[in-house]
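These notes are about the structure you will find just below.
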Amino acid sequence: MPELPEVETMCRGLNKILNLGKNKERIIIEGMEFKRGNIRSKIPQKQLRSIIGQKLLPIRRRAKYLIFPTEMGSLLNHLGMTGYWREYNGEPLLKHDHFLINFSNGKALVFNDARRFGVIDYLSPQSEASNIWLKHLGVEPLSTDFNAEYLFNKLKKRSGFLKNIIMDQKLVVGVGNIYASEALFLAKVHPKKNANKLNLKMCQSLVISIKEILKKALASGGSTIRDFRQAGGELGYFARELKVYGRSGQVCTACASTIKSEILGGRSTFWCPKCQKK
DNA sequence: ATTAGACCCTGATCGC
DNA sequence: TGCGATCAGGGTCTAA
């Protein structure tokens, strides 16, 4: 389900629901309920319970992870493919509701994840840089660390299809299967171009395209392809803006050629054979 | 050290 | 209507 725009949208939605962030409301984690012992990995119930009673700081995002921070440690969450949070008001639980957390302001959240590719883990204080889930992550795509020189220096050491490489979270985080295809279309580069064949100028163009596509998707609340919902239940409206993803056999919006698709690295990949050059 | 492929799991959809 | 095959926005592990 979620790439950077969807995870960031979820993050902002949760802070809004809880009234965290701008205003200074003091919210204490009051309790947790574990409906399953494990999803993708074991949920460390004892460690997580240690932050009950702590003040919740504003929820933030690192790569495709959500962090619910307190001064005594944090809850770390990855949405996997089908994970989502919603506000919980005491109604009967849904299938695949795995974890609930409630707060001193009367609010509660529930985490649902049908495929259980998501993660719920404990992050000890000040250990973000060395945490097992976070330590291999590359730069944030919307930061100035992600620039043409950085990308060029990384790509020249890599081989393989460019599209697969820009989805590598060790290089740059947050770019997943939809926005990889979309960014390459915007940059007019073929997904099967060999990664180490990009010159600095093309890297500059690709960096700009990745930032632009992620920013625009974020501004629309992400993309709902099948089941993504914002924390408040709203759709992600960027799906209608997609130029190549999911449009195999349809007409290119720029040149009227037929959009092609192929499985690369196990993931469906879409491009315009005329607009995008190897 | 990199890279391609299998694998984790459930649900929706498609073709027969 | 039913049933199997296929596919899905994630990442990890293994083998080459």
Side-chain angles (χ1 to χ4, degrees), chain A residues 1-11 35-43 61-66 76-85 94-98 111-121 131-138 141 154-184 191-196 210 213-214 216-218 220-230 235-249 261-270:
Chain A
M1 184 220 310
E3 305 181 33
L4 183 147
E6 290 76 28
V7 180
E8 180 66 31
T9 296
M10 183 65 69
C11 183
K35 310 305 285 186
R36 270 193 82 90
N38 67 296
I39 39 178
R40 188 166 105 204
S41 58
K42 188 168 183 289
I43 300 175
R61 179 194 60 76
R62 165 69 174 122
K64 297 175 190 169
Y65 291 86
L66 291 170
L76 182 72
N77 168 239
H78 193 294
L79 301 175
M81 288 281 252
T82 50
Y84 69 92
W85 292 90
L94 304 177
K95 197 173 181 181
H96 309 303
D97 281 346
H98 303 313
F111 180 68
N112 182 292
D113 184 7
R115 292 177 75 180
R116 305 204 301 273
F117 288 175
V119 170
I120 289 183
D121 204 354
N131 177 266
I132 187 79
W133 300 106
L134 306 179
K135 64 182 179 183
H136 296 117
L137 293 173
K154 290 287 186 183
L155 289 186
K156 69 184 180 188
K157 301 171 200 158
R158 304 290 296 265
S159 69
F161 295 143
L162 178 60
K163 190 256 190 175
N164 298 343
I165 307 292
I166 62 171
M167 287 175 64
D168 184 347
Q169 304 296 297
K170 292 193 289 298
L171 197 161
V172 59
V173 302
V175 179
N177 201 39
I178 294 179
Y179 301 117
S181 282
E182 292 297 314
L184 288 168
K192 291 170 87 169
K193 188 175 179 72
N194 192 320
N196 57 34
I210 288 173
I213 207 81
L214 294 176
K216 283 189 172 171
L218 181 54
S220 301
S223 299
T224 298
I225 301 297
R226 317 160 62 86
D227 50 14
F228 173 71
R229 293 293 181 280
Q230 304 188 34
L235 300 173
Y237 297 101
F238 196 69
R240 64 175 77 144
E241 311 291 330
L242 298 175
K243 300 288 196 288
V244 289
Y245 183 88
R247 299 193 64 244
S248 185
S261 79
E262 200 174 307
I263 308 286
L264 302 186
R267 314 299 296 276
S268 292
T269 305
F270 303 85

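Each chain gets a letter, A, B and so on, in the order its sequence line appears, and its residues count up from 1.
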Encoded 5' to 3' (Watson-Crick or G-U under 3.5 Å; [ ] crossing; | other strand), DNA chain C becomes .|||||||.|||||||
Ring centres within less than 5.5 Å and planes less than 30° apart: is that true of A/F117 and B/dC9 in this structure? no
With nearest nucleotides of DNA chain C determined for A/Y245 and A/Y65 from heavy-atom distances, which residue corresponds to the more 5′ nucleotide? A/Y245
Apply side chain to side chain contact (heavy atoms under 4.5 Å, CB included) to A/F161 and A/T269, showing your working. CA-CA 11 Å; A/F161 295 143; A/T269 305; over 6 Å; no
P atoms of C/dC3 and B/dC9, separation to the nearest Å: 24 Å
A/E262 CD - B/dA4 P separation (whole Å): 13 Å
Which whole-number value in Å describes the distance from A/I225 CD1 to B/dA12 C1'? 15 Å
Exercise: identify the closest heavy-atom pair between A/I166 and A/V175: O-CB, 3.6 Å
Would you say B/dC9 has OP1 or OP2 under 4.0 Å from some side-chain N or O of A/H96? no
Separation between the P atoms of C/dT12 and B/dG11, rounded to whole Å: 24 Å
Is any side-chain nitrogen or oxygen of A/R267 closer than 4.0 Å to OP1 or OP2 of C/dG10? yes
Which whole number of Å gives the distance between the P atom of C/dG11 and that of B/dA12? 23 Å
Rounded to whole angstroms, how far apart are CD1 on A/I132 and P on C/dT12? 9 Å
Interatomic distance, A/R62 CZ vs C/dG11 P [rounded to whole Å]: 12 Å
In short, A/G236 meets A/T224 closest at the heavy-atom pair N-OG1, 2.5 Å
DNA chain B: A/R226 or A/F161, which has the more 5' nearest nucleotide? A/F161
OP1, OP2 of C/dC7 versus side-chain N and O of A/S268: anything below 4.0 Å? no
Which nucleotide in the set B/dG11, B/dA4, C/dG11 lies at the smallest distance from any side-chain heavy atom of A/Q169? C/dG11
Is the shortest heavy-atom distance from the side chain of A/K243 to the side chain of A/E182 under 4.5 Å? yes
Where the side chain of A/N196 meets the backbone of A/R158, is there a donor-acceptor pair that is under 3.5 Å apart? yes
Residue pair A/G266/A/R40 against DNA chain B: nearer the 5' end by closest nucleotide is A/G266
For the side chain of A/R40 and the backbone of A/F117, is there at least one donor-acceptor N/O pair under 3.5 Å apart? yes
Check whether any side-chain nitrogen or oxygen of A/K95 sits under 4.0 Å from OP1 or OP2 of B/dG11, and answer yes or no. yes
Can you tell me how far P of B/dC8 sits from CG of A/D113, to the nearest Å? 17 Å
Contact between A/R61 and A/L4 at the side-chain level, heavy atoms closer than 4.5 Å - yes or no? yes
Calculate the interatomic distance between A/F228 atom CZ and C/dG10 atom P; express it in whole Å. 12 Å
On a plain distance test, is the side chain of A/R116 in donor-acceptor contact with the base of B/dC9 below 3.5 Å? no
For B/dT3, does either OP1 or OP2 sit under 4.0 Å from a side-chain N or O belonging to A/R158? yes
A/Y179 near the nucleic acid: base, sugar-phosphate alone, or nothing, with a heavy-atom cut-off under 4.0 Å? nothing
What is the distance, rounded to the nearest whole Å, between atom NZ of A/K170 and atom C1' of C/dC13? 12 Å
Check whether any side-chain nitrogen or oxygen of A/K157 sits under 4.0 Å from OP1 or OP2 of B/dT2, and answer yes or no. no
Which class fits the ring pair A/Y179 and A/F238: parallel under 30°, tilted 30 to 60°, perpendicular over 60°? tilted
Base, sugar-phosphate, or nothing for A/G265, non-hydrogen atoms under 4.0 angstrom? nothing
How close do A/N112 and A/K95 get, heavy atom to heavy atom, and via which atoms? ND2-O, 2.8 Å
I want to check one thing: is the phosphate of B/dT2, taken as OP1 and OP2, less than 4.0 Å away from some side-chain N or O of A/S159? no
